[in-house]
Structures are given as structure tokens and as C-alpha cells.
Amino acid sequence: MIQVLLVDDEQFIRQGLRMLVDWEEYGCQVAAEAENGVDAIRILEEGGIDLVFVDIKMPGMTGLELIGYIRQNISPQIRFVILTGYAEFGYAREAMRMQVLDYMLKPVQEKELVAILKKINQDFQKDRKERQEKYDFHISQILMGKFSEENLAQVRRWLEPQESWKYVSFEFDKWQEGFSGLNHGGRMEQQKALRQYLRSLLGNAFCHVVPLIEAKGEIFGTGLLLSPCLYKDMGMGEEAYLEYLQKRVNQHFQYQIQVYVGQSSSLEQLAKSVASIQVARCLHGLAKEEGQVMDYEKFRYRKPSFGVREEAVRQLLDAVKNNQKEKIGHCANAVFNQIRDSDMNMEMVNASIYHILYRLMEMVQEFDDETNQQEILAYIGKESFNKLALSGSTEEITGFFSDYAGYLAQVRSQEAKNVLDRVDDYVQAHYQEKLSLKSLGERFYVNNVYLGQLYKKRHGMVFRDYLNQLRLERAQELLAGTDMRIYAIAEEVGFGKVEYFINKFVQQNCMTPNQYRIRKRAERESQG
């Protein structure tokens, strides 16, 4: 709601304005009244007012003087509508030069007030959206640990100073019935609705609702910047406040929400709080605890214990080595049940998982001693640890080991090593289409990770760079030999966005596509 202050020395004018229309229907709420400029300043200094309707001619301080003072000393963001009679119409013109939104002649007419409120609400929402998008960018940089002093300065304009902050993640359980059946668009709609609803619950503290910061694309929800000012204002403790929010959103949405709480940090160190969410999610999944707010601080002090038996690990590795899908599922569940039941802390969970992953890496080199160890480590670090240590999901854990068994089978197969010629021929013929290692792997029945390694060995670059190189070579031919527009060439060779095409072209050729075309034409003309 747009918070409105009515300033007029005549009480019946203020009462008339308040009663003339249903302000809330137009996104406004009359939050306060003042009979003079001094009272108005006192109210505005307390904050929370977005829009002021002010009489242009009042005793002691005129409306214009009030506007000037507020713009200079309180906030340039507050907006004004002038109330004036015919005798002061010259003042109204001066007020318009001071960039007030509008002016209204007394006595105010309902139709005129409605028209102004509609326009103000429309402009206000557009402006708020733009400011919110800028804020989201700045706070996201802080949450990812990639911020500048400018990012900090901009965020501090929105948030009250607090010594302690926690990043809290409100997430839909992707495995629950119904939500798991939604497509990506449906899940994004639920995510958007969750964020909007949580903002409505927080009211004027809506800026504490922030984008979800999550490396994995399968998690949907929204973030919350938790500070004591939120729950103390409601006379609650932290845990009670979060349980209250969780209860409200679970009552509002068809799909249930799980809440994860990160570690306490300063505003500058919020990235650490974001990272600790993954730990809380992991141990929550392994512990099979449900229905409560999962706080990182509750897990971090669990006593370490060694709970995974070497025999269980050996059986899992044998199943992977022999590509026994059903046995892999049984053995993976056995290993992670032992982790769960042992009451390990996160450090011991990491150690156990990395032990297993290192054994998997050794297994690859048994069959292909040319396999790049660093590539395998990178694959394990990027793909495996997120799925194993950070998901806490037995489905994803089992899925990873099954995928790795398939990868291992490809490494062992001579037929798989010879498939690259056929894949290369296909890519050469279909480079303008949407291609990925995953889609090619499915078409040619080869593990996509192994296919990526084969590409790097043959061409000395990753598949994405190889594909872009093919597209850029064809683009050069079209630039030199046709009059096609730049955007049409970008589309023709498979680049979705012309900006991306130009960026890649400049990186490779140190000139824009248009400069390249001009140079090639000049070369042809000079050759006669």
C-alpha cells in the first residue's frame, strides 16, 4: 500500500479527502494527518510515508516551503500532490516546476481524485518494481560473496542496521506429490507466488524477502534475510517467528514448504550463511526429520562418530564397477542409512563421501590410464558432491551412482571410444540446432561426461567452445558473402540472441561482425 499523509490547516478538508473515496481500492492508505508544516515534518521524520497531499497556503510554513524542506532534509523520494484554490493558481505552477506529481483545485472532486490516485498507483508500482529489481541485484551480489562497496551501500539504504543476520531459505519439497509433477514453468509460478505472499506477511519489511540463492537448478523457493528486528517487533523469539511464517505459508499454499536457517553472520559475510543452508539441507535429508524449521546451528555441534563400514562401501563400489543398477540402489541406501544412523557431524559426512568419490576416481584409471585425473576430480567436485553431500536425497544419491556406473562402462568400451567420429559428423551437419552433450549422449547412447572428455582430447577445447567455433566460422562466410542482417545471421547459425553472438564474435576476431564485413568487402574490391 502507498502510505499517504494529508496536510491541511482545515480539518474538514482533511476529513473530506479521507471520506471522498475508498483509498485502498487504488492501492493507497491514509496513514496520518497534519494541520501544519511542523507537524508534517515530525511525522515524515519517523519514516514510512510515500505520498503527501499538501495545502499550498498554510500559516507558518507554506506547502512549497514544506516540500523544499523535505526534499533537502528528509527524502527526495517522497511524492507530493498540491491542494490549491483559484487564488493561488500561480503558486501551483511554481509547485509543478518543483516536480510535484499533480495539483488539485479545492473543493476536490471525487472523479478528479480517483484519476490522480489511479495514475499515482500505476507509476508507483512501476517505480517500485524497478527499484526492487535493482535492490535484488545488489543483495544477490552480497549473498553470492561477489559484492562491491556500491552493492553494500545500496542495500544499506533499504535495511535497518543490524549486527546479526541469517539467510533463511523457504523451499518447496520437490519430491512431494503434485509439485514433482509440475513442469518448470509451473514451479516458477509457485516460486513467484511464494515470494509475493511472504512479502505481504512482512508488510513494510518486505525488502527482507530476497531472491533464492542456490547453485542447483532443481530447488524452488525464496530467501529471507532474518534479523532480530523482525521477530522482536512481534514479541517473538527467532524460532517461534520462523515457525509462525512456515505455518502461514503452508496454510496458504497447496504444496508444503520446508524452512532452512543458515548460520549467523554480518551483512558482509552473508555468503557464509547461504553456504551453511546446504549443510542444514543435507543433514535434514539424511536424518529424515520432517515438519520443523531446520537450523544449521542445531546440526553443527553434533558429535563426530565413524559409522560407515568398509564392507558396505566395497559392495557399493563393486556394484558400480559392474554396472548393476538394482544392486547400486540397495548398496547406496545402505551406505547413507549408516551415515544417517551414526549421527555424524558435517565434517565426518564430507570425509566419508569424499573417500567414496576418490575410490570411484581410482576405478576409472584402472580401465583408461590416459583419463585426465583433474577432469575426473572436477566432475566429482561439481556433479557429485552437490548431489551426495548437499541434497540429502536418496533418489539423487542413487541416481549419481547409476550415472557414474554408466560413465565407467563407457570408459571400458572400445565401441564408445569410436563413437566420436559419428558424433562429430552429426554436429557438423546440425550445428545450428540446440545441441548439448546431454542430448548428443542420448542420441548416440554414450555417457555425456565421457563424451565431453573425448571432445576435449580430440579438439583441445570443451564441447561448447567447439560448437561456438563452428557457428562463428559459418557466420564469417555469411558476413563475407551475403547481405543478410546481423540478427538474421546470428539466428541462422544457431546463436539465440544477437548480443551473445556479437560478444562471441568480438572475442574470437577482435572486431564486430559489421567491421568484419566491411573489411572483407574492402579486400575483395582491392583485389579487383
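All values below come from the heavy atoms of this structure, side chains included, with hydrogens, waters and symmetry mates left out.
Using a 30° and 60° split on the angle between ring planes, Y466 and F463 fall in the tilted class, from 30° to 60°. Ring geometry for F172 versus F179: interplanar angle under 30°, hence parallel rather than tilted (30 to 60°).
Looking only at distances, a side-chain donor or acceptor of N250 sits under 3.5 Å from a matching main-chain atom of I257. Of the possible donor and acceptor atoms, one in the side chain of R517 sits under 3.5 Å from a partner among the backbone N and O of T482. Under the 3.5 Å distance criterion, the side-chain polar atoms of Q269 are left unmatched by any main-chain donor or acceptor of S266. Without hydrogens or angle criteria, R187 side chain to S180 main chain gives a donor-acceptor distance under 3.5 Å. Proximity of a side-chain donor or acceptor of S273 to a complementary backbone N or O of L270 within less than 3.5 Å is not detected. At distances below 3.5 Å, not a single donor-acceptor pair connects side-chain atoms of S169 with backbone N or O atoms of G223. Remark: the backbone N or O of M511 is not paired with any side-chain donor or acceptor of N509 at under 3.5 angstrom. E171 places no side-chain N or O within donor-acceptor distance of the main-chain N or O of F220, the cut-off being under 3.5 Å.
Contact record, I139 with D136: CG2-O, 3.4 Å, taken as the closest heavy-atom pair.
Between the CD atom in Q508 and the CD atom in E473 there is a gap of 7.0 Å [rounded to 0.5 Å]. Going from atom NE2 of H430 over to atom CG of L440 covers 10.0 Å, rounded to the nearest 0.5 Å. A distance of 4.5 Å separates CG of L152 from CD1 of I142, quoted to the nearest 0.5 Å.
Residues R248 and Y244 have side chains that bring a donor and an acceptor to within less than 3.5 angstrom of each other. Counting only N and O atoms by type, the side chains of S264 and S164 include a donor and acceptor under 3.5 Å apart. Remark: the N503 side chain and the E499 side chain contain no N/O donor-acceptor pair separated by less than 3.5 Å. E150 and S148 are not linked by any side-chain donor-acceptor pair at a separation below 3.5 angstrom, with hydrogens and angles left out of the test. N121 and Q125 are linked by a side-chain donor-acceptor pair at a separation below 3.5 angstrom, with hydrogens and angles left out of the test.
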Could you go through R131 and W158, starting from their C-alpha distance and side-chain angles, then the distance that decides it, and tell me whether this counts as side chain to side chain contact (heavy atoms under 4.5 Å, CB included)? CA-CA 10 Å; R131 289 190 292 121; W158 288 71; 3.9 Å; yes

Please assess K438 against E442 for the test side chain to side chain contact (heavy atoms under 4.5 Å, CB included), listing each intermediate value before the final yes or no. CA-CA 6 Å; K438 183 178 180 181; E442 291 172 351; 3.6 Å; yes

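Taking the charged nitrogens against the carboxylate oxygens, E189 and K192 have no contact shorter than 4.0 Å, which rules out a salt bridge. Using a 4.0 Å cut-off between a side-chain N of Lys or Arg and a carboxylate O of Asp or Glu, D421 and R458 qualify as a salt bridge.
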